[in-house]
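Here the structure is a predicted model, which means the values were calculated and not measured.
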Amino acid sequence: MSTAVSTSVEQIRKEFPVLHQEVNGKPLIYFDNAATAQKPKAVLDALSHYYEYDNANIHRGIHTLAERATSAYEDTRKSVGKFVNANETEEIIFTKGTTEGINLVAQAYGRKFLKDGDEIIISQLEHHSNIVPWQILADQTGAVVKIIPINEKGELLLEEYRKLLSEKTKILAVNYISNSLGTINPVKEIISLAHDAGAVTLIDAAQAAPHHPLDVQDIDCDFLAFSAHKMYGPTGVGALYGKRRLLESMDPYQGGGEMIKEVTFEKTTYNDIPYKFEAGTPNIADVVALKAAIEFIQSIGYTFIHDHEELLLNHANKVLLDIPGMTPYGQASEKASVFSFNIDGVHPFDIGMWLDAKGIAVRTGHHCTQPLMDWLRIEGTVRASMAIYNTIEELDIFAEALKDIVKKFKK
Ligand code: 7TS
């Protein structure tokens, strides 16, 4: 991990062109970072530089541009390997994002190794993309999906989790950080318990990558998936880490070019990892720009990110909790900079619309966590999710805007 450089939020904001605009006549306040984060100039420059100078298809050409494109693509693989502290670069597979990474494991690992009566454990906090692929797998194999319950604060009940584990448990898949409540889960402990039961483990790190250092060797997960776009990188690209032994044992996910060694009509042999899982022309430009996103995060450092986001969350609690009618959701002791809430008598959608009219972008609804909303007995929440470029002043404006909305609806 690179050490935090001396920087300031003011300097960081200058790196993000999109932040410097008015929306509906007000300066934009962007609090929808859990959905997707904004992109710094370095990422935008990497994208346009690639298309302006290096664009070529990778791995197949001997001409100079093809070599440049290939080495830029493979440089990102090295960079991602270091970013998650993988043992080997070949353990990194490029995907479209977290969703594809999880589906890849469910199909290429799960479909091959799971059978009738086996169990897959997930949690009440999961995003649909860490629920539905396992339901599809369960339908295909006869496996059963079990759920780790949570407490009122939005924390996983580890004692209940222990009771779910048995020799039938074949896969444990949980998120590192909840997108709806911000809960940071004790994944190292969860993984160790799953391994004791003989299960393979997958961590959905979609919300962790922008906020929390990733170290696959330390937490000892078997698979870990994340998306570039939530960590200041481009959309349409992400990475899946998998332990070599497991990746090699798996079937291919998709067939096509690049993932083969030799093809005849009688028999096809597959390429080595990681290429076995990268059929077809990949999203080269966005992979190249992912490296710039990693370097951006490393130039700031997770210590600075953590301290600033903690400051924001504490301030959010200070200025938002006593707004009349406020019900916050998710009060975990370990929590990322997400503030999810409802206000009595006002539909979350109306709050979102009124905030937008004031230039404030939040997300409203179930946040692709419908089972969690059902557990909370609500349809959805308003979610303000903060990032490295957000400020205390923005939170103050947000609090005032919410007070105005409350007054308007109380009339
Ligand atoms: N897992 C978690 C925990 C997420 O928050 C998301 C996206 C995903 C998986 C899926 O990531 P994707 O990049 O493959 O789509 N979360 C959200 C959200 O909270 N609002 O919009 C997308």
Quick one: do Asp218 and Lys188 satisfy salt bridge (charged side-chain N to carboxylate O under 4.0 Å, His left out)? Show the steps, please. CA-CA 8 Å; Asp218 178 50; Lys188 191 169 173 174; 2.8 Å; yes

Can you see which heavy atom on Thr89 is nearest to which on Arg77, and at what distance? O-CD, 3.5 Å

Check: residues 91-99 side-chain donor-acceptor pairs under 3.5 Å, at least two apart:
unit_1: Glu91; atom_1: OE1; unit_2: Asn87; atom_2: N; d: 3.3
unit_1: Glu91; atom_1: OE1; unit_2: Glu88; atom_2: N; d: 3.2
unit_1: Glu91; atom_1: OE2; unit_2: Arg244; atom_2: N; d: 2.9
unit_1: Thr95; atom_1: OG1; unit_2: Gly97; atom_2: N; d: 3.1
unit_1: Thr95; atom_1: OG1; unit_2: Gly97; atom_2: O; d: 3.1
unit_1: Thr95; atom_1: OG1; unit_2: Gly238; atom_2: O; d: 3.3
unit_1: Thr98; atom_1: OG1; unit_2: Ser227; atom_2: N; d: 3.1
unit_1: Thr98; atom_1: OG1; unit_2: Ser227; atom_2: OG; d: 2.5

Thr141 OG1 to Lys115 NZ distance, which is reported to the nearest 0.5 Å: 10.0 Å

Could you check whether atom CD of Glu22 has more than 12 heavy atoms from other residues, nucleotides or ligands sitting under 6.0 Å from it? yes

Using the test side-chain contact (heavy atoms from CB on, under 4.5 Å), find all partners of Asp396 that sit at least two apart in sequence or belong to another chain. His315, Val319, Ile392

Would you say the ring centroid of Tyr302 lies under 6.0 angstrom from that of His212? no

With no hydrogens and no angle check, is any side-chain donor or acceptor of Glu278 less than 3.5 Å from a backbone partner on Met259? no

Who pairs with His49 by ring-ring contact (aromatic ring centres under 6.0 Å, His included), at least two apart in sequence or on another chain? Tyr53

Flag if over 12 foreign heavy atoms under 6.0 Å of CD, Gln21: yes

Looking only at atom types and distance, does a side-chain atom of Thr183 sit under 3.5 Å from a main-chain N or O of Lys335, one as donor and one as acceptor? no

Taking Leu240 as the fixed residue, which of Val80, Leu104, Asn103 is the one that meets the side chain to side chain contact (heavy atoms under 4.5 Å, CB included) rule? Leu104

Just verifying a value: how many Å separate Leu313 CG and Leu395 CG, rounded to the nearest 0.5 Å? 9.0 Å

Under a 3.5 Å distance rule, please check whether Asn175 uses its side chain to pair with a backbone N or O of Leu125 as donor and acceptor. yes

Do side-chain atoms of Lys39 reach the backbone of Ala37 as a donor and acceptor pair under 3.5 angstrom? yes

Under the 3.5 angstrom rule, does the side chain of Asn271 hit a backbone N or O of Glu258 as a donor-acceptor pair? yes

Quick check for you: to the nearest 0.5 Å, what is the distance between Cys221 atom SG and Ile190 atom CD1? 12.0 Å

Verify salt bridge (charged side-chain N to carboxylate O under 4.0 Å, His left out) between Lys291 and Glu295, making sure each step is shown before the conclusion. CA-CA 6 Å; Lys291 182 160 176 272; Glu295 285 165 359; 3.2 Å; yes

Under 3.5 Å donor-acceptor, Asp222 side chain and Leu246 backbone: no

Within a radius of less than 6.0 Å around NZ of Lys112, do more than 12 heavy atoms belonging to other residues, nucleotides or ligands occur? yes

Less than 3.5 Å apart, any donor N or O on the side chain of Thr381 or His367 sitting next to an acceptor on the other? yes

Which pair of heavy atoms, one from Ala285 and one from Leu47, lies closest together, and at what distance? O-CD2, 3.6 Å

CD1/Ile102 to CG/Leu224 distance, rounded to the nearest 0.5 angstrom? 9.5 Å

Got a sec, which pairs hit ring-ring contact (aromatic ring centres under 6.0 Å, His included) with one end in residues 247-292, sequence neighbours left out? His59-Tyr275

Please give me the minimum heavy-atom distance between Gly110 and Ile171, naming the atom from each residue. CA-CD1, 4.4 Å

Euclidean distance, Arg363 CZ relative to Cys368 SG, rounded to 0.5 Å: 8.0 Å

Taking ring-ring contact (aromatic ring centres under 6.0 Å, His included) as the test, write out the residues that go with Phe113, two or more places apart. Tyr109

Give the table of side-chain donor-acceptor pairs shorter than 3.5 Å for residues 326-334, with sequence neighbours excluded, one pair per line with atom names and distance.
unit_1: Tyr329; atom_1: OH; unit_2: Asn342; atom_2: ND2; d: 3.3
unit_1: Ser333; atom_1: OG; unit_2: Glu155; atom_2: OE2; d: 3.2

Do Leu172 and Leu165 have side chains that get closer than 4.5 Å, going by heavy atoms? no

Does a sphere of radius 6.0 Å around CH2 in Trp375 hold more than 12 heavy atoms from other residues, nucleotides or ligands, not counting ones at 6.0 Å or beyond? yes

Distance (rounded to the nearest 0.5 Å) between Asp404 CG and Leu355 CG: 10.0 Å

Check the angle between the aromatic planes of Tyr389 and Tyr30 and answer parallel, tilted or perpendicular using the 30° and 60° thresholds. tilted

